[in-house]
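Read through the structure below, which is laid out as structure tokens, and then see the notes.
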2 protein chains.
Amino acid sequence: MREGPDIARIASLVGDPARANMLTALMGGTALTASELALEAGVSLPTASSHLSKLMEGGLLSLASQGRHRYYGLAGPQVAGMIEAIIGVAEAVGPKRVRPGPRDAAMRVARVCYDHLAGEQAVAMLDRLIDREVLLRDDSEIRLGPAAASHFSALGIDVEAKARRPVCRACLDWSVRRSHLAGTLGAAILDKIIAEKWARREKGSRAVVFSPAGKREFENVFLA
Amino acid sequence: MREGPDIARIASLVGDPARANMLTALMGGTALTASELALEAGVSLPTASSHLSKLMEGGLLSLASQGRHRYYGLAGPQVAGMIEAIIGVAEAVGPKRVRPGPRDAAMRVARVCYDHLAGEQAVAMLDRLIDREVLLRDDSEIRLGPAAASHFSALGIDVEAKARRPVCRACLDWSVRRSHLAGTLGAAILDKIIAEKWARREKGSRAVVFSPAGKREFENVFLA
DNA sequence: GGAATGCTTCGACAAGGATCGAACTATGCG
DNA sequence: CGCATAGTTCGATCCTTGTCGAAGCATTCC
């Protein structure tokens, strides 16, 4: 008999199909209401409500009440990381689809991971930022480099803005198996990409699709 | 309604207490027989057998038959990584014990992670090996450095031994939140530590306890 | 060959939990 | 104040799944 952290409790929360669908939906990073999550999960509102209270009690979700709306979101990056890890295993051991569908391909190129960009583009971006010493990597720790202030202020991103969350964080990418940039800076960059309309979020998916012009802009700024 | 990798299936496999105990036990890296796992999980043999076949079917375990013994082990590093991630969340959201027990402290210092060393000692070791250019880090990729051959051959470890598994791999440490060394090299180093009796494995736990003399030896070789 | 050990399969039972309809509470709008 | 919308709670139902004892295979040892 073992003791220790109750991993069965956490895993069984993710282990119900309805709840797994909800969590997957929330990996998109935007908080959703109970009814939206009910729809995502394909269950009735009462059922969804019951699941949501369990996830809350389990500490996997955060809740923001706004008037009569209640927005549920993932509790934090650590939870998101766990889901990514489970997705990785499910992809690996799951029934290998002969050909990954077009949506899969898009997901591999660029997708939202909680609140920042992930996928090939994101991994390439982080590599390039480190090459140019905009960022410095020290193991899984990422810090601002000498060129950071000038580079990001030109984009209208204030890297000095303080928050409880770290500015930079490395996040393991399940498709590329390398790190991409998370933290407030990662989130700010994703915001920028969407705000500038370089890319748009695929409806009902985590995929992020760049427009031809937007892709050029993005590569110009981050991959040059 | 969503589709995609069946994460609920994987998570629900881990979500049963008996199975979670088995998987946690296997995080120690040594393959165990069905009866040993039944004992670990605190269930009868038939029950354990049923769980094991489910875990096999789910692709989380590997099986090696040796005569009338059947040794079950984790299917691979990716599965181990997923379990670590779940442990991390469970630790974070779980009922915060006021004081981590002595075993927890020992686990933080040094423990077995699948087949290699983890914990503060392991993270420090990797840092130092990279400083000394025995190893080279390139993002989450770790490669052998110029000083590798001489350093490891002096220890009787053949870094050129080829296997399907990569020689070096970075593995995220849940207690320190930084990477430590995995891969065949990580496994070989752990073997060395145990073989030289620098440390012994705590019975029925993942903790690795260094002897005073062994600790000096280890630090001499890897942290100097 | 026969006994012993390791493990799996079968059958029956019990319990947990997912589900939904209906009733209830809360917020916003006119 | 009254109606509409968002969400939770309650109760009943039903089904999945974990559980173990007993019996059945397989392998090794004597």
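To the nearest angstrom, P of D/dT8 lies 12 Å from CG of A/L61. Taking atom CE of residue A/M22 and atom C1' of nucleotide C/dT19, one finds them 12 Å apart after rounding to whole Å. Put simply, CD on B/E57 is 12 Å from P on D/dT17, counting in whole angstrom units. The nearest whole Å value for the distance from the NE2 atom in A/H51 to the C1' atom in D/dT8 is 14 Å. Here C/dT25 presents its P atom at 18 Å from CG of A/L45, a figure rounded to the nearest Å. Rounding to whole angstrom units, CZ of residue B/R70 and C1' of D/dT27 are separated by 12 Å. Counting to the nearest Å, the P atom of C/dG16 and the CZ atom of A/R9 are 16 Å from each other. The interatomic distance linking A/L55 (CG) with C/dA18 (C1') rounds to 13 Å, in whole Å.
Using a 4.0 Å cut-off, some side-chain N or O of B/S49 falls inside it from OP1 or OP2 of C/dT8.
Using a 4.0 Å heavy-atom cutoff across all strands shown, B/T33 reaches sugar-phosphate atoms only and no base atom.
Taking only side-chain atoms of B/K54, from C-beta outward, the nucleotide of D/dG18, C/dT8, C/dT19 with the closest atom is D/dG18. Proximity note for B/D16 (side chain, C-beta onward) versus D/dC20, D/dG7, D/dG18: the nearest is D/dG18. The side chain of B/P46 lies closest to D/dA22, out of D/dA22, C/dG21, D/dG7. Set against C/dA18, C/dC7, D/dC20, the side chain of B/S44 has D/dC20 as its closest nucleotide.
Using a 4.5 Å cut-off on side-chain heavy atoms (C-beta onward), B/L135 and B/L181 make contact.
A tilted orientation is assigned to the rings of A/F152 and A/F222, their planes being inclined by 30° to 60°.
For the pair A/E40 and A/N21, the tightest heavy-atom approach, listed with the atom from each and the gap, is O-CB, 4.1 Å.
Checking A/T47 against A/S50 by side-chain atom types alone, no donor-acceptor pair falls below 3.5 Å.
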